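Here the structure comes first, spelled out in structure tokens, and everything after it is commentary.
Per chain, numbering begins at 1; letters A, B, ... match sequence-line order. Source: prediction; values computed, not measured.
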Amino acid sequence: MKMRKTIDPFFWLTLVCSSVVVAFILIPLIQMTAQPSFQDLKEALQDRDVRRSIWLSIYTSGLAAFISVAIGTPFAYLLARKKFPGKKIVESIVDLPIMIPHPVIGIAILGLAGKNHWIGNLMQQIGIHIMGTVTGIVAVLTFVGLPFYVNTVKAGFEAVPVRLENVSRSLGASAAGTLLRVTFPLAWRSMLAGLIMCCARAISEFGAVVIVAYHPMIAPVMIYERFTAHGLKYSQPVAVWLILVCLVLFLLLRIFSLPKDNQT
Amino acid sequence: MIEIETLRIELPGFALQDIELSIQDEEFFTLLGPTGAGKTLVLEAIAGIVPITSGRIRVKGRDITDLPPEQRGIGIVYQDYALFPHLSVLENITYGLRYHKTDSHSSGQWVKWLMERLGLHPLARRSIYHLSGGEKQRVALARALAVNPSVLLLDEPLSALDPNFREEIRDVLKKLHQEVGITFLMVTHDFAEVLFLGQRTAILNRGIIEQVGPVSEVFQRPATPFAAEFVGMKNVFPAVFKETRAMVDDLELHLQDPPESHKRYVAIRAEDIVIEKEKLSGNGLNVFQGKVLEVIDRGLYHEVSVSAGKIIFRAILTKSALFEIKLREGKEVHIAIRSSAIHVF
């Protein structure tokens, strides 16, 4: 006798919703990627300004990600391991850059770095300029990317049982030695994932950068400029190249951070 | 020797209160208590993992209270093994060697001996993901002992194991302790483990030590109602004493000796209460008539509750004894308790 399969309406609901979400993301991107001709793409890539802007996007985002690793890792460890008064407030502060409209971030940083503020004055005296500089772009990208790194790595540290660290200390390793020999080797995938998230967020940033540094032009600003000055057709090839470069970079990083089978 | 003086740890909603312990060199000491009593906290305070509020801890005369964990020379083994998952068995065991300045030949020999003793040589290159629970615990033991600590702390090392492995590791612990000459301090909630392994024990309840002493003494002469119940005395009653008599509510129990004036309780082991159909008689025997309230099947034995006057006694019977006297709920029976089986505290 054949068993009749029951159809769960909830299963169909999830299937339909999932299809809508995937289509909603993919269709505009595929449409845009397919729009420019091969000739358009070739010409865009031959344009020195385009190459420079894409490189600047990658370079500044990478730099922002590495700054986040350097200052965000100890901070994420502190949040993952220690209890202290006001911890919830500190965690909320970390999330602020995710919530604030991005032009506001640009304006805030510019306000701080201007001549009217003592910090801005001090920075200019030691030769750090924010307005219209690569330093400015990196500062803004670090600001928007840092929360993604800190939150991802914090979750990674929390997943490492504190007892492993206790045992390491009892065996003679210092706190720093334990971090290097136990915590980092077990949390490095989270650190890499955090780095990717931070980099991805930074490379897609437009609103804050356009306030702080219209020039030198990062790729999103150049796409915007070409769109407003020359229209959709002229901006699309640059956008396609940016998408492709990002895709390759993130795929590579994802492949390196995939867990080994025997460790699952 | 480990000396703990007025150790106090205050946490939100819990406090370890003025813990005083003295543990001899090469002793197998057990800290016994229910879940939430603060046993692991005592262990982690000795290891330097949790900050203490006040008190001093000395090991072999050296005050280690303010030292970080890595300078205390104290090993710890957790019930969930806490092996480093990114390292092989051998790498786990040799993890701590680089921090201890001994000549590499003797430490190599020591590790080799430990691995041989614990049967770990065939597993040396294995990933810890492919080990059984018993093997993992043996690796954890070897790793902690490899650095030759002055004290080994064991946090319920048998709790997470299957019954087969539990017996195996229990035997391993006993033999290792006899061979390595290191002080073992084990926390557990299982008195059977204490009976098998411990030389002396302390009973901890809600952050307070209720009793410290040789295991046999704590087993036979518990000092508080909690200790009595924890070591398996199922019948603990407040009593009023007069010469060699103890009044437990409306029952009069005859004791072997007159108790000291500060005694307040009597305790009787369930296995020391005899249940019979006919009235027993004899010298030094307390005999009461009672009614069976409940018979609970505990697998290998039955637990029987019998009311006598206003008191409910709990006794245990083997399956065959139960069938022999045809015991069932509501049946009238006689219970007999030897005077010498009544513990007074």
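Contact of B/Leu83 with chain A is made through the backbone alone, with heavy-atom distances under 4.5 Å. For A/Leu164, the parts lying under 4.5 angstrom from a heavy atom of chain B are both the backbone and the side chain. The parts of B/Arg143 that come within reach of chain A are both its backbone and its side chain, each placing non-hydrogen atoms under 4.5 angstrom from that chain. Heavy atoms of B/Ile74 lying under 4.5 Å from chain A belong exclusively to its backbone. Looking at B/Ala144, the atoms closer than 4.5 Å to chain A (heavy atoms on both sides) all sit in the backbone: N, CA, C or O.
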List the steps and the verdict of side chain to side chain contact (heavy atoms under 4.5 Å, CB included) for B/His86 and A/Arg181.
CA-CA 10 Å; B/His86 56 301; A/Arg181 290 187 70 198; 5.7 Å; no
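Of the inter-residue distances, the one linking A/Ser170 atom OG with B/Glu44 atom CD reads 10.5 Å to the nearest 0.5 angstrom. The distance from atom CZ of B/Phe84 to atom OG of A/Ser168, rounded to the nearest 0.5 Å, is 5.0 Å. In this structure, CD1 on B/Ile49 lies 9.0 Å from CZ on A/Arg169, to the nearest 0.5 angstrom. Put simply, CG on A/Asn166 and CG on B/Asp155 are 10.5 Å apart, with the number rounded to the nearest 0.5 Å. Here the CG atom belonging to A/Leu171 is positioned 11.0 Å from the CD atom belonging to B/Glu70, to the nearest 0.5 angstrom.
When the shell of 6.0 Å around CD1 of A/Ile89 is examined, it contains 12 or fewer heavy atoms from other residues, nucleotides or ligands. Atom NZ of A/Lys87 has more than 12 heavy atoms from other residues, nucleotides or ligands within 6.0 Å. In A/Phe184, the CZ atom is crowded: over 12 heavy atoms of neighbouring residues, nucleotides or ligands sit closer than 6.0 Å. Annotation for A/Phe66: atom CZ does not count as buried by contact number, only 12 or fewer foreign heavy atoms lying within 6.0 Å. Counting non-hydrogen atoms of neighbouring residues, nucleotides and ligands closer than 6.0 angstrom, the NZ atom of B/Lys174 exceeds 12 such neighbours. Atom CZ of A/Phe10 has 12 or fewer heavy atoms from other residues, nucleotides or ligands within 6.0 Å.
What you find for A/Gly172 and B/His100 is that their closest heavy atoms are CA-CE1, 4.2 Å. Across B/Tyr95 and A/Ala173, no two heavy atoms sit closer than the pair OH-CB, 3.9 Å.
The residue among A/Pro161, A/Ala175, A/Ser174 with the most heavy atom pairs within less than 4.5 Å of chain B is A/Ser174.
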